Amino acid sequence: MTFETSPDQYKHWKLTVDGNVATLAMDVREDAGLRPNDYKLKLNSYDLGVDIELADVLQRLRFEHPEVHSVVLTSLKPRIFCAGANIFMLGTSSHAFKVNFCKFTNETRLGMEDMSAHSGIKFMAAVNGICAGGGYELALACDEILLVDDGSASVGLPETPLLGVLPGTGGLTRVVDKRKVRRDLADDFSTLVEGVRGKRAVDGRFVDAVYPTSKFQDAVARRALELAAMSDRPKSGPGITLGPLSPAIAGDTIAYKYVTGSIDRLKRTCELTISAPGGSEDPPLREMPTTAAQFLAAGDQSWAVRAFRELDDALLRLRLNEPEIGTIILRATGDPAAVLAVDASLDANKADWLVREIISGIRRTLKRVDLTSRSFFALIEPGNAFAGTLFELALAADRVYMIDHPDEANTVQLSVMNGGAYPMSNDLTRLQVRFLGEPDSVGKALTHDGPFDASAALAAGLVFSAPDDIDWDDEVRMAIEARAAFSPDALTGMEANLRFAGPETMETKIFGRLTAWQNWIFQRPNAVGERGALMTYGREGRPTFDFKRT
Amino acid sequence: MISAEKIPNNVDLAGNKKLQRALEHWQPAYLDWWRDMGPPGFQDSHQVYLRTATSVDAAGWAHFDYVRLPEYRWGIFLAEPTPDRRIGFGDFKGQPVWQEVPGEFRNQLRRLIVIQGDTEPASVEQQRSLGAHCPSLYDLRNLFQVNVEEGRHLWAMVYLLHSHFGRDGREEAEALLERRSGNDDTPRMLEAFNEPIDTWLDFFAFTMFTDRDGKSQLLSLSESSLDPLARTTKFMLTEEAHHMFVGESGIARILERTCQLLRESGFSGDVRKHGGIDLPLIQKFVNFWFSQSLDLHGSEVSSNAAAYFSNGLKGRAEEDKFDDDHILAGNMYVLDLMDDSGLIIREEVPMRNALNEVLRDWYVGDCQAGVDRWNKRVLEAHGMSERITLPSRRFNRKVGVYADKHFDPFGNHLSTEDWERRKYEWLPSPDDKRYLHSIQATPVYQPGQFANYIAPPQRGINRQPIDFEYVRTEQ
């Protein structure tokens with residue numbers, strides 16, 4: 001299963017760009033699901049394949065279309081906007097697949113909100129038909145929702161009454177947190193199979209406006225231009241083209257240009273290594289541009305773009321394809337000075353639209369690490385490149401081991417990029433989260449003069465353990481073996497609890513509640529038992545519930 | 001300086017940088033501990049005729065010579081490896097044994113090793129006052145042999161900690177030297193090792209019964225899937241056997257002397273009048289140390305024991321003598337437990353949870369064999385009708401289902417009042433202790449001389465005569 005795609009391969013989406021407004025229209029091909037024998041993607045319902053295309057097109061809007069300032073999300077199907085995730089797909093998928101699917105779709109929708117907040121690209125849902133469940137959640141991820149008032153088009157979250165599960169992509173959270181719908185109205189709304197339409201939808205703040213069919217397109221076009229006018233993106237292109245990553249896959253190893261992954265099935269680990277720029281024969285200014293113009297010219301070949309696209313892809317493959325690989329061992333290799341030079345260039349050009357996108361891409365990849373339900377152990381050894389942006393990977397890890405070597409230099413270093421460029425889902429930097437109980441340590445670490453050797457890094461609280469060269473092998477081996485032996489479910493819950501200290505944001509709530517509630521409900525007999533709601537839907541009539549509340 | 005010359009070993013100390021580095025720090029601390037807590041007054045001005053292990057073969061493990069105690073060559077020995085050794089029990093049965101600690105079991109194994117290790121220096125600390133009250137040079141030498149070997153057993157456990165447990169292991173090894181028997185702030189881990197052993201009857205009973213618990217534990221650890229632990233403990237067992245010899249023969253010699261005194265007084269007198277130790281008093285020490293040592297085997301129903309067995313960390317003593325599948329997944333064990341009203345009830349518990357009790361079964365059998373030898377070879381031989389007996393397993397327990405309840409040595413339930421009123425019928429009383437202190441007040445340091453309460457041994461150490469100068473005072 002691969003997450004890479006490109007516009008010429010899209011089956012389900014049509015992108016048209018008109019001036020500064022892009023229209024992204026959903027037109028799901030019924031017969032083109034990932035498992036066409038198991039389900040048909042009727043009524044613009046989606047599966048992971050549909051969402052991979054959506055994620056891809058959003059990524060391309062960021063990088064390839066600087067002229068796009070607002071996006072209209074709509075449907076090409078008559079009287080149907082989107083029916084949400086395909087129920088038969090969910091009913092025939094493993095629990096782990098469902099969870100991964102939900103996580104990915106959540107990341108994509110939060111990516112839309114990230115574009116609105118940070119990239120100068122606003123989203124409008126032009127809901128031109130029935131919009132239910134995941135369809136409405138997609139609309140909720142937009143800045144505004146316009147609904148056609150044709151007597152039948154509606155928005156709704158029918159999961160509870162219809163399927164005995166919950167909306168899986170933040171629907172309930174967004175209704176009250178983002179759209180600030182009153183809780184009793186939201187409660188009523190969440191128990192209606194048919195949803196709400198017309199004035200009632202506007203009055204409850206479920207949508208921003210309704211228009212009759214005759215005026216809908218004009219209203220959408222007008223509002224899309226108004227949203228586009230708020231943007232600080234360039235009036236016109238060019239952008240950069242995101243080419244294929246084309247990793248070399250041989251057995252249990254995957255090798256990209258900067259990222260390599262190697263799986264040990266016996267130990268259930270993956271060694272994931274990211275290398276610093278400077279190791280290849282690329283022209284230095286292509287790999288490590290220093291000006292905005294050079295970044296544009298380098299396209300998708302600059303290290304900052306490519307390395308993190310590769311890491312992102314590797315993480316997604318691991319998540320979906322390798323459920324038993326529980327521990328990911330992170331290493332960064334190469335010249336830390338090169339990473340620090342890239343950081344300096346990113347910081348110096350951060351006002352540029354493209355560099356802003358590059359930083360944003362790194363930020364989202366790092367969040368992907370935070371949200372990946374595998375144990376991450378970072379190993380810092382001589383020759384490491386854990387500096388600045390790459391040290392952020394160590395900070396994202398559950399444990400960091402740094403060898404305290406008597407003979408060989410082994411240091412880590414922070415940069416300005418550790419001070420706020422890559423906030424986590426909770427809007428704090430990883431350093432802030434790490435030092436929640438000792439806020440002064442953040443500033444101390446950031447203003448530390450030069451690199452930290454192992455004992456300094458240990459004293460500064462930047463690493464968990466700093467064994468010397470004699471202890472290193474055993475210490476690390478035993479830590480990894482011990483990890484691999486624990487219950488994977490307990491580890492997932494434990495890590496998710498420990499990684500996100502500090503305040504809640506809508507984003508942390510969405511993931512937290514997905515992990516805790518939705519995943520629980522997905523496992524319960526009332527959903528997936530023989531007579532569970534998800535299993536009987538559309539097939540055998542009424543579900544049978546065990547009515548004991550938990 | 002760490003050298004293989006000073007530290008006899010068969011673990012390639014010379015080529016093991018990790019071990020050298022750890023020992024460079026630990027060895028001086030160990031010697032400081034020995035000088036602080038080892039036998040006072042016998043550190044520098046005495047030469048002791050001791051056995052030193054210099055290799056694991058028959059010729060090397062029993063090398064005898066005079067040595068000053070702090071100069072004893074504590075060594076590191078593992079029994080010879082068994083080729084292609086396989087795990088003999090538990091969930092991993094049949095797989096190759098581990099040469100490295102699996103990360104999954106690191107903490108469990110470390111805990112097992114630390115608990116075992118903690119008892120070794122503890123017993124040296126407990127026994128430190130005995131040298132000033134010895135019944136003979138022969139016994140003094142045996143005491144010191146036991147002491148230095150307990151020290152070597154500490155080295156053996158520290159070797160495992162240093163070699164396989166990284167920084168945590170080194171810290172635990174340091175802590176083994178920092179805890180002190182009987183100290184309120186930093187006591188030894190197990191309660192039985194915090195009581196001073198200040199009479200020689202205590203010492204003999206301790207080496208008979210508590211060191212036999214050591215044997216139980218070492219036997220079960222010598223089954224371990226962690227091969228270095230199995231081999232280390234296997235070699236320790238050869239030394240532990242001598243400790244039990246000291247205990248069993250020590251009490252046998254006291255019994256012998258008591259019978260002589262009784263015979264001399266026409267079986268009518270009070271042996272205490274003649275400076276001997278009466279049989280009921282010996283029985284009280286058997287009662288005390290046997291029950292104390294039963295506690296060391298842990299609770300009757302134990303999830304730890306089950307985990308240790310399942311994971312292959314600790315087997316049963318002499319595992320291969322058990323005629324079962326050695327996995328025990330569905331086996332049951334019938335156990336006497338107590339219900340809320342104090343009635344003894346029989347209950348089936350999963351065998352894996354009952355393995356402490358299984359080990360206790362082995363232990364009780366091994367103790368009984370020793371007691372039988374006393375009865376047959378001494379009491380019966382003297383024509384006595386009295387016998388030494390082991391008390392019921394319920395008697396005087398502080399651990400397990402019989403803790404906090406009271407039983408007489410025959411296993412009959414007693415009220416707290418009855419127990420308080422009668423306990424010194426069965427356990428040493430303060431008066432008993434005072435009496436023992438009085439008869440050992442003057443130590444016997446002349447070669448060939450023995451205190452009045454104990455008979456000489458039948459033969460000397462290493463074929464030396466009984467009046468050999470086993471401990472030599474330097475001028």
Side-chain angles (χ1 to χ4, degrees), chain A residues 264-271 324-329 374-381 397-408 410 454-455 457-459 463-491 494, chain B residues 2 11-26 87 90-92 95-114 158-174 225-229 303 307-308 310-313:
Chain A
D264 182 331
R265 296 202 181 274
L266 204 62
K267 296 194 161 195
R268 300 195 302 279
T269 59
C270 176
E271 307 217 357
E324 291 194 358
I325 304 306
T327 309
I328 297 176
I329 298 157
R374 310 292 165 95
S375 301
F376 286 90
F377 280 26
L379 301 187
I380 305 181
E381 296 153 296
D398 300 295
R399 299 262 191 99
V400 186
Y401 290 82
M402 183 170 183
I403 186 167
D404 189 354
H405 205 290
D407 308 319
E408 293 175 54
N410 192 34
S455 60
L458 188 67
V463 302
F464 166 70
S465 170
D468 64 17
D469 54 325
I470 298 175
D471 284 339
W472 175 260
D473 287 346
D474 253 9
E475 203 66 42
V476 167
R477 174 185 64 78
M478 282 195 278
I480 291 167
E481 285 179 1
R483 194 71 165 195
F486 293 124
S487 153
D489 301 329
L491 285 178
M494 182 189 90
Chain B
I2 298 304
V11 296
D12 186 27
L13 176 58
N16 188 336
K17 203 172 144 199
K18 185 196 287 184
L19 190 55
Q20 282 176 26
R21 196 253 323 251
L23 283 177
E24 261 163 36
H25 200 254
W26 190 81
I87 295 171
D91 292 342
F92 302 108
Q95 296 180 16
V97 291
W98 314 319
Q99 299 306 326
E100 301 280 354
V101 174
E104 181 176 357
F105 305 126
R106 175 188 201 169
N107 292 337
Q108 281 183 12
L109 280 164
R110 191 182 58 209
R111 184 165 171 73
L112 276 175
I113 291 167
V114 166
V158 164
Y159 160 72
L160 294 171
L161 290 172
H162 280 168
S163 301
H164 296 283
F165 295 89
R167 192 187 66 189
D168 293 354
R170 290 195 297 277
E171 286 173 4
E172 292 287 4
E174 300 281 323
S225 309
L226 180 63
D227 203 40
L229 174 59
S303 52
Y308 291 154
S310 310
N311 296 337
L313 312 185

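Atom set for the values below is all heavy atoms of this structure, side chains included, hydrogens, waters and symmetry mates excluded. All figures in this text were calculated on a predicted structure; none of them were measured in a lab. Each chain gets a letter, A, B and so on, in the order the sequences are listed, and its residues count up from 1.
Side-chain contact check for B:Lys18 versus A:Asp469: every heavy-atom pair is 4.5 Å or farther apart. Proximity of B:Arg106 to A:Glu475: side-chain heavy atoms (C-beta onward) are separated by under 4.5 Å at one or more points.
A:Asp471 and B:Arg21 are joined by a salt bridge, as a carboxylate oxygen and a charged side-chain nitrogen come within less than 4.0 angstrom of each other. Under a 4.0 Å N-O distance rule, the pair B:Arg167/A:Asp468 does not qualify as a salt bridge.
In terms of heavy atoms, B:Gly103 sits closest to A:Ala482 at O-CB, 3.2 Å. Between A:Met478 and B:His164, the closest heavy-atom pair is CE-O, 3.0 Å. Residues B:Glu100 and A:Asp474 share a closest heavy-atom pair of OE1-OD1, 3.6 Å.
By the neighbour-count criterion of 12 heavy atoms within 6.0 Å, atom CD of B:Gln99 is densely surrounded, having more than that number from other residues, nucleotides or ligands. Counting non-hydrogen atoms of other residues, nucleotides and ligands closer than 6.0 Å to CZ of A:Arg399 gives a total above 12.
With a threshold of 4.5 angstrom between heavy atoms, B:Phe105 does not approach chain A through any atom at all.
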